[in-house]
Amino acid sequence: MIERLLTDKVKEAVYSLYHLDADPSQIQLQNTRKEFDGDITLVVFPFTKFSRKSPEATATEIGEYLKLNLREVENFNVIKGFLNIIVKNEYWLKFLSENYKSYTYGYGEKSEKKPVVVEFSSPNTNKPLHLGHIRNNLLGFSLSRILAASGKNVVKVNLVNDRGIHICKSMLAWQRWGNGETPESSGMKGDHLVGKYYVIFDKQYKEEIAAMVAQGSSPEDAAKKAPLIIEAQLLLQKWEARDEATIGLWKMMNGWVYEGFAKTYKTLGIEFDKTYYESQTYLLGKELVEKGVQQGVYKRRDDGSVWIDLSAEGMDEKLLLRSDGTSVYMTQDMGTAMQRYKEYQPEQLIYVVGNEQEYHFNVLKVVLKHLRCEWADSIYHLSYGMVELPAGKMKSREGTVVDADDLMQEMFDTSEAMARELGKLDSFEGEDAVNLYRTIGLGALKYFILKVDPRKNMLFNPAESIDFNGNTGPFIQYTYARIKSVLRKAEETGLDVSMSKVQDADMFSQEKELLKKIHDFPVVLMQAADIHSPAVIANYAFELASEYNRFYHDLTILKEENIMSRSLRLSLSLFTAKVIANALWMLGIEVPERM
RNA sequence: GGCCUCGUAGCUCAGUGGAUAGAGCAGCAGCCUUCUAAGCUGCGGGUCAUAGGUUCGAAUCCUAUCGGGGUCACCA
């Protein structure tokens, strides 16, 4: 890498010129802006303190040194405090010829070290997946691939929330108003059917409360004493007592939901290495709490509940165990974290969970630290923002959710209509046509979500459907398909795609811009893995595709008479296609060979 | 109210200590006899929420204020 060479040489130059050791953070290299001449720019302001000279003079001195002592430096120019370094064509051509065939350019070395465990998705089995879950799933899946590409050994896990009062609500509603309805009898997808009864419960429950309030109860009181909620709680107790009929109903309805989820995951292209169920893990963590009590780091109150005082950390008191001895959310998470620590000895334990749970994860770390679990530092909460609708937040009870299955179907429909209109489907038949517009529709959806910085809230406007032009997944897919078409044509005509004949070809600015963009990929990947952000990869992929499109329009690739130039452009195209395909793979977006 | 977070073009978003702040969409004007027009080129559009501060240099860091969101349950 040229950056590495330059960093070392600049350090050497500063030492030789000013007899001072430059701190690595002072050596700031960046890509030269397009409007200036040069490839890489060194910011010299930090060195003016040492040189006691003007920025211009300092830059010139360092520039002279580099030109003299680094083979790869062709020349330089100085504008204010910026030293613009021009790298020899020879370097770029060598870089291209050495790497253009690689299928894994920029990937990190596969380490045999401890794994990174990524938990994502974690759905509830009482309602179908919506747009918020899609963001979660895409982020978790993409992050896993980015980490894998950067060399980590990744384990993707899902923790299904399959028990609790909310599950009992849909069970109760189905018992009472379901008339034995099943996915088969109703033709509904299992998760949607169960979700329907969850909504019915909520509606009936609200009516009961309203009636009780009309009779003079307080709203709080009514919410606690409504017959329906009492009965749901009873059902939960029966479940916990392993009552046969209740367990049977629970298994049946959860089974419906799992079938539905499996379909959604498949359509979305998401998969896991391991799935955990809360019904099997919800008791974990209790011993941990007991241990904490014995060690005196947690306190048991007179009513039997267990608490931790976190005022030293600037947080409140937190409940760890209820007075009746049952566990809360925190107890379970302590248990599952410990379970994962024991099972995988992970280097990092990543949770992809919405930002509304930031406080929870901060507390989780601190609570574990009090138990002297130093590994709690390896917990990383990838906290992503909400998906908002123009009207505000999505609320399932108000029917303002965007259903995952519906949204994907809409994307497929729009994609199909658009492809037909453009005549893109003319050369495809049957299943191939379906595969194409599904690939494109899904690409548009995934890119739309992943290009946004995970931490930020994002807006989705259902009225304006997701675009297929501009900064979109289809644009990048299109670029890939177009490159493949060029390469096919080259092969048919027997043109040489190899770089074997290229030693000293000229490079036009558009070719060089493209090559430099590819050259950046390893750095981009490292950064994405470092800050856990698929958006970094998404935006890079768009920039690379844009650069290729400009290159494509400015230069004829196949018609070029000069063999060297033609080989250069073909290998550059091949290289671009590979990097685009890899970047999209990390986003979970498929690439079409033709479109 | 305490804590966290966000505020960049009409809209959706990049840019997180460096040069004259960038894309896409929307609007306007061009480009299909060329390897794919889901494309390319050009034009217009900005008090980077506001006010201070730190420094050679701030959209980026610090402080305050305003505005949006989140959170502070014996819910998960």
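Source: prediction; values computed, not measured. Just so we're on the same page: letters track the sequence lines, and every chain starts at 1.
Evaluation of the side-chain contact (heavy atoms from CB on, under 4.5 Å) rule for A:I230 yields A:Q233 as partners, not counting sequence neighbours. Evaluation of the side-chain hydrogen bond (donor to acceptor under 3.5 Å, both in side chains) rule for A:D37 yields no partner, not counting sequence neighbours. With sequence neighbours excluded, the residues forming a side-chain contact (heavy atoms from CB on, under 4.5 Å) with A:N31 are A:D520, listed by chain and number. Residues passing the side-chain hydrogen bond (donor to acceptor under 3.5 Å, both in side chains) test with A:D162, sequence neighbours excluded: A:S279. Under the side-chain contact (heavy atoms from CB on, under 4.5 Å) criterion, A:E410 pairs with no residue at all, not counting sequence neighbours. For A:N549, the side-chain hydrogen bond (donor to acceptor under 3.5 Å, both in side chains) test picks out A:T479, A:R482, with sequence neighbours left out. Applying the ring pair (Phe, Tyr, Trp, His ring centres under 6.0 Å) criterion to A:H381, with sequence neighbours excluded, gives A:F361.
At the heavy-atom level, A:R594 lies under 4.0 Å from base atoms of the strands shown. Residue A:L558 is classed as a base contact, given a heavy-atom separation below 4.0 Å to a base. Residue contacts for A:F36: at a heavy-atom cut-off of 4.0 Å it reaches a base atom on one of the strands shown. Heavy atoms of A:L29 sit nowhere under 4.0 angstrom from any nucleic acid atom. Among the atoms of the strands shown, none is found under 4.0 Å from any heavy atom of A:M315. Within the 4.0 angstrom heavy-atom criterion, no nucleotide atom of any strand lies near A:N126. Within the nucleic acid shown, A:A535 has no heavy atom closer than 4.0 Å to any nucleic acid atom.
Separation of the P atoms belonging to B:A29 and B:U12 is 26 Å when rounded to the nearest angstrom. Comparing the P positions of B:G67 and B:C75 gives an interatomic distance of 34 Å, to the nearest angstrom. Nucleotides B:A23 and B:A9, compared at atom P, are 15 Å apart to the nearest Å. Separation of the C1' atoms belonging to B:C48 and B:A14 is 13 Å when rounded to the nearest angstrom. Of the P atoms belonging to B:G70 and B:G30, the separation is 48 Å, rounded to the nearest Å. B:U41 and B:G24: their P atoms are spaced 8 Å apart (whole Å). Distance check on atom P: B:U16 versus B:A21 gives 16 Å, rounded to whole Å. Spacing between B:G17 and B:A76 at atom P, rounded to whole Å, works out to 41 Å.
Taking side-chain N and O atoms only, A:R33 has a distance below 4.0 Å to OP1 or OP2 of B:A19. Close to B:C35, at under 4.0 Å from its OP1 or OP2, lies no side-chain N or O of A:S485. Dashed line: the shortest gap from a side-chain N or O of A:K451 to OP1 or OP2 of B:A23 is not under 4.0 Å. At the phosphate of B:U20, OP1 or OP2 sits under 4.0 Å from a side-chain N or O atom of A:K80.
Going from atom CD of A:Q26 over to atom C1' of B:U55 covers 15 Å, rounded to whole Å. Atom pair A:D520:CG and B:G15:C1' shows a separation of 15 Å (rounding to whole Å applied). Here the P atom of nucleotide B:A37 and the CD atom of A:E421 are 17 Å apart, to the nearest Å. If you take NE2 of A:H553 and P of B:U36, they are 11 Å apart, rounded to a whole angstrom. Atom CG of A:L574 and atom C1' of B:C35 are 15 Å apart (whole Å). The nearest whole Å value for the distance from the CZ atom in A:F542 to the P atom in B:G15 is 14 Å. The distance between atom OH of A:Y552 and atom P of B:U34, rounded to the nearest whole Å, is 11 Å. In this structure, the CD1 atom of A:I79 is 13 Å from the P atom of B:A19, given to the nearest Å.
Smallest separation of non-hydrogen atoms from A:V536 and A:Q527: CG1-OE1, 3.8 Å. The nearest pair of heavy atoms linking A:A528 to A:I537 is CB-CG1, 3.7 Å.
Using a 5.5 Å limit on the distance between ring centres and a 30° limit on the angle between planes, the aromatic ring of A:F82 counts as stacked on the six-membered base ring of B:A19.
The side chain of A:L459 has B:U12 as its nearest neighbour among B:U34, B:U12, B:G17. Comparing atom distances between the A:K456 side chain and each of B:C6, B:A38, B:A37 picks out B:C6 as nearest. Listed candidates were B:A14, B:G18, B:G39. Nearest to the side chain of A:N469 is B:G39. With B:G18, B:U36, B:U16 as the choices, the nucleotide that has an atom nearest any side-chain atom of A:Y478 turns out to be B:U36. Across B:A23, B:C25, B:G18, the shortest atom-to-atom separation from the side chain of A:D467 is found for B:C25.
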- Item | Pairing string, 5' to 3', for RNA chain B - Watson-Crick or wobble contacts under 3.5 Å, brackets [ ] where pairs cross, | to another strand | ((((((((.[[[[.)..(...]]]].(((((.......))))).....[[[[[..)....]]]]])))))))....

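Side chain of A:S305 to backbone of A:R301: no donor-acceptor contact under 3.5 angstrom is found. No donor-acceptor pair closer than 3.5 Å links the side chain of A:N161 to the backbone N or O of A:T125.
Test A:T7, A:I27, A:N84 against A:L42 for side chain to side chain contact (heavy atoms under 4.5 Å, CB included) and you get one pass: A:I27.
Mapped onto RNA chain B by nearest heavy atom, A:S415 and A:T32 fall at different nucleotides, with A:T32 at the one closer to the 5' end. Between A:K559 and A:V452, the residue whose closest nucleotide on RNA chain B is further toward the 5' end is A:V452.
Evaluation of atom-type donor-acceptor distances gives a pair under 3.5 Å for the side chain of A:K424 against the base of B:U36. On a pure distance criterion of 3.5 Å, no polar donor-acceptor pair joins the side chain of A:T472 and the base of B:A38.
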With a cut-off of 3.5 Å and sequence neighbours excluded, list every side-chain donor-acceptor pair involving residues 436-446 of chain A.
unit_1: A:T439; atom_1: OG1; unit_2: A:N435; atom_2: O; d: 2.6
unit_1: A:K446; atom_1: NZ; unit_2: A:L268; atom_2: O; d: 2.8
unit_1: A:K446; atom_1: NZ; unit_2: A:G588; atom_2: O; d: 2.6

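In B:C32 the O4'-C1'-N dihedral to the base is within 90° of 0, which defines a syn nucleotide.
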- Would you mind building the protein contact string for nucleotides 68-76 of chain B? One character per nucleotide, 5' to 3', B for base within reach (heavy atoms under 4.0 Å), S for sugar-phosphate only, - for untouched. -SSSS-BSB

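With A:Y384 as the aromatic partner, A:R455 does not meet the cation-pi criteria of under 6.0 angstrom to the ring centre and within 45 degrees of the ring axis.
Listed by first then second residue, pairs satisfying ring-ring contact (aromatic ring centres under 6.0 Å, His included) with a partner in residues 449-469 of chain A read A:F448-A:F460, not counting sequence neighbours.
Taken residue by residue, residues 42-59 of chain A places heavy atoms nearer than 4.0 Å to RNA chain B at A:V43, A:F45, A:P46.
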